Trainee: 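Right, I'll just put the structure down here and ask away after.
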Amino acid sequence: MTSLKQLINNKLIQPVMGLLKQGLTPEALASSLACGAVIASFPIFGITTGICILVAAIFRLNQVAIQIANYCAYPLQFLLFIPFLKMGGWLFDLPALSINPADAFSLAGENFGLFLEQYGIALLAACAAWLLLAIPAAFVLSKVLSVILRNTLTRTSPHE
């Protein structure tokens with residue numbers, strides 16, 4: 001069985017180091033990784049890969065790096081889903097909405113139109129909450145990763 005350390009090394013560290021060794025600058029790699037990690041927490045399931053492709057194309061980020069970060073940070077989507085729903089509800093002063101799946105399915109069975117309206121608005125509000133936090137988070141994470149990657153590149157490059 002693969003240990004967590006080996007898994008992190010094989011799926012994150014080695015691919016990132018490979019990108020650095022191929023000539024990608026620490027700053028460019030950091031921007032790609034930061035965007036991928038932040039996009040991974042987007043509160044609508046099943047579309048983060050597509051969002052990463054689009055963002056990387058628009059901002060000329062590295063497609064491989066952004067997808068590595070998206071894949072590795074994917075658990076954040078589950079961890080932050082409810083906080084984003086709550087924050088969106090608070091931001092837009094929405095009525096309290098049950099996050100219990102049984103309640104949601106019950107409402108969907110009784111009145112599908114009302115279900116779509118209430119939960120659709122809640123998801124849109126959660127997306128707005130995510131966007132409010134995503135931009136500064138990507139900026140800060142990019143700066144931190146840039147320093148880490150620059151130091152890593154300096155340590156691993158042969159000294160003359």
Side-chain angles (χ1 to χ4, degrees), residues 1-92 97 99-101 104-105 119-160:
M1 179 178 257
T2 306
S3 71
L4 182 59
K5 186 176 180 179
Q6 288 173 319
L7 184 67
I8 291 170
N9 186 53
N10 293 341
K11 299 294 183 187
L12 179 64
I13 306 299
Q14 291 306 316
V16 168
M17 291 305 296
L19 290 170
L20 272 177
K21 290 176 184 175
Q22 290 176 9
L24 197 59
T25 67
E27 292 75 20
L29 182 54
S31 294
S32 298
L33 292 172
C35 285
V38 169
I39 292 168
S41 67
F42 188 69
I44 296 179
F45 293 93
I47 65 171
T48 60
T49 298
I51 294 172
C52 283
I53 290 169
L54 186 63
V55 167
I58 291 170
F59 294 105
R60 303 184 73 139
L61 300 173
N62 185 279
Q63 288 283 356
V64 173
I66 200 170
Q67 293 299 346
I68 288 170
N70 179 41
Y71 173 77
C72 291
Y74 181 65
L76 289 175
Q77 191 173 39
F78 293 99
L79 292 172
L80 297 175
F81 180 72
I82 292 172
F84 281 134
L85 278 177
K86 299 276 187 186
M87 183 179 171
W90 174 79
L91 280 172
F92 293 96
L97 188 62
I99 53 174
N100 182 337
F105 286 126
Y119 284 88
I121 290 170
L123 274 177
L124 286 175
C127 291
W130 172 84
L131 187 59
L132 189 66
L133 297 176
I135 293 169
F139 178 77
V140 169
L141 187 56
S142 178
K143 295 300 178 193
V144 169
L145 287 172
S146 181
V147 170
I148 292 169
L149 292 169
R150 196 176 310 109
N151 290 340
T152 301
L153 188 60
T154 302
R155 275 196 321 257
T156 60
S157 64
H159 297 290
E160 298 177 57

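For clarity, every value in this text was computed on a predicted model and none was experimentally measured. Numbers for residues simply follow the sequence, beginning at 1.
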Trainee: Would you compute the distance between atom CD1 of I39 and atom CD1 of I47 and round it to the nearest 0.5 angstrom?
Mentor: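 Answer for the CD1-CD1 pair, I39 versus I47, is 10.5 Å.
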
Trainee: Go through the steps to decide whether F84 and L133 satisfy the test side chain to side chain contact (heavy atoms under 4.5 Å, CB included), and finish with yes or no.
Mentor: CA-CA 10 Å; F84 281 134; L133 297 176; 3.8 Å; yes

Trainee: Atom CD1 in I51, atom CG in L54: separation rounded to 0.5 Å?
Mentor: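 Those atoms lie 8.5 Å apart.
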
Trainee: Are any of the side-chain heavy atoms of N62 and L19 separated by less than 4.5 Å?
Mentor: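 Yes. Closest side-chain heavy atoms under 4.5 Å.
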
Trainee: Could you label the plane-to-plane angle of the W130 and F42 rings as parallel, tilted or perpendicular, counting under 30° as parallel and over 60° as perpendicular?
Mentor: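 W130 vs F42 ring planes: perpendicular.
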
Trainee: Would you name the heavy atoms of L145 and A34 that are closest together and state the gap between them?
Mentor: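 What the structure gives for the nearest pair is CD1-N, 4.0 Å.
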
Trainee: Crowded around Y71 OH? As in, over 12 foreign heavy atoms under 6.0 Å?
Mentor: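 No.
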
Trainee: Atom CG in L29, atom CG in L61: separation rounded to 0.5 Å?
Mentor: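 Taking CG in L29 and CG in L61, the distance rounds to 10.5 Å.
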
Trainee: Take L91 and L132 through the side chain to side chain contact (heavy atoms under 4.5 Å, CB included) test and state the conclusion after the steps.
Mentor: CA-CA 10 Å; L91 280 172; L132 189 66; 4.1 Å; yes

Trainee: Less than 4.5 Å apart, any side-chain heavy atom of C127 and any of I44?
Mentor: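 SC-SC contact between C127 and I44 confirmed.
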
Trainee: Would you indicate whether the side-chain heavy atoms of L85 and F81 approach each other to under 4.5 Å?
Mentor: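 Contact flag for F81/L85 side chains = yes.
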
Trainee: Please test F105 against N100 for side chain to side chain contact (heavy atoms under 4.5 Å, CB included), starting from the C-alpha separation and ending with a verdict.
Mentor: CA-CA 9 Å; F105 286 126; N100 182 337; over 6 Å; no

Trainee: Where do I66 and N70 land on the side chain to side chain contact (heavy atoms under 4.5 Å, CB included) test, with the steps shown first?
Mentor: CA-CA 6 Å; I66 200 170; N70 179 41; 5.8 Å; no

Trainee: Is a donor on one side and an acceptor on the other found under 3.5 Å between the side chain of S32 and the backbone of A28?
Mentor: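 At least one qualifying donor-acceptor pair exists.
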
